[in-house]
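A quick write-up on the structure given underneath.
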Amino acid sequence: MKKSLWLTKLYRASELEKIEKDLNCLGHDTKYTVSTFVRDRLLVTLLVTVLIVILTDLGYILAPFVAVGTYYLFYYLNITKKIEIRNKRLENEAIFFFEILSLTLESGNNLEGALRVTCDNVDSEISDEFKKTLFEMQFGKSLIEALSDMHQRISSNDINNTILNIIQTSQFGNSILNVLYNEIDFLRTKQILAVKSQINKIPNKASIISVIFVVPLILVLILGPYLIEFIG
């Protein structure tokens, strides 16, 4: 991707490549390019810093800290957090997608044919990624090349491991079905553990709610009559 001249003056090439790579991992519906992201990031940081200087007495002291915090928070909220959310969504969708792909392979289709059938019958974001892979193949890329490009568009380690395993099995002729079965089992186990983890956190959340709301209410009920008598 060609970078604007002002970008190359403000950022090192490695930083711009990282931003571009992370933006690609947001999926096809991201509203940002490298240029617009950097522009908005700098404008928001500048705006917040100016407001801190104008609206607070200690603005000139706080401004550098606020500027740095806003600069990195903007990246976290608009890229890092969204990638985390997308990865979870893709991993949840991958279970069903790979199950259908496995059944299609078992019926005698080759990998490319099985992917086409699966993508035609599964409507999800991970299916859209494989559709893009198949679309790129129509313009001369091999399946391995297109899958390698897909690998760059997804930052989920679990799904990327599966893509790499599919690439390797396609190159060396091993069983893709075993790879998919292992991935399905792993993702399902990971999903179950995540649910159990959320369940285990419920008592702690309930304790916090009790401390904040229930305990003060009980104290009011117990001490209320004494306070009224004292005031009276």
If the condition is salt bridge (charged side-chain N to carboxylate O under 4.0 Å, His left out), which residues does Glu183 pass it with, not counting sequence neighbours? none

What residues form a salt bridge (charged side-chain N to carboxylate O under 4.0 Å, His left out) with Glu93, not counting sequence neighbours?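 For Glu93, no residue satisfies salt bridge (charged side-chain N to carboxylate O under 4.0 Å, His left out) once neighbours in sequence are set aside.
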
Side chain to side chain donor-acceptor pair (under 3.5 Å): which pairs involve residues 60-75, sequence neighbours left out?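 Non-adjacent pairs meeting side chain to side chain donor-acceptor pair (under 3.5 Å): Tyr11-Tyr71, Lys18-Tyr75, Asp22-Tyr75, Arg41-Tyr71.
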
Residue pair Ile79 / Phe37, side-chain heavy-atom distance below 4.5 Å: yes

Within the distance-only criterion (no hydrogens, no angle test), does the side chain of [X] pair as donor or acceptor with the backbone N or O of [Y] below 3.5 angstrom?
| X | Y | answer |
| --- | --- | --- |
| Glu15 | Arg12 | yes |
| Glu145 | Ser142 | yes |
| Asn24 | Arg153 | no |

Shortest non-hydrogen separation from [X] to [Y] and the atoms involved:
| X | Y | answer |
| --- | --- | --- |
| Ser170 | Leu111 | OG-CD2, 3.5 Å |
| Ser156 | Glu91 | OG-OE2, 2.7 Å |
| Ala63 | Thr49 | CB-CG2, 3.8 Å |

How about Gln191 and Asn92: does a side-chain donor come under 3.5 Å of a side-chain acceptor?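 Indeed, the side chains of Gln191 and Asn92 share at least one donor-acceptor pair under 3.5 Å.
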
Is the closest side-chain donor-acceptor distance between Ser124 and Ser127 under 3.5 Å? no

Asp120 CG: over 12 foreign heavy atoms closer than 6.0 Å: yes

For Thr133 and Asp149: C-alpha separation, side-chain torsions, deciding distance, then whether side-chain hydrogen bond (donor to acceptor under 3.5 Å, both in side chains) applies. CA-CA 8 Å; Thr133 297; Asp149 289 343; over 6 Å; no

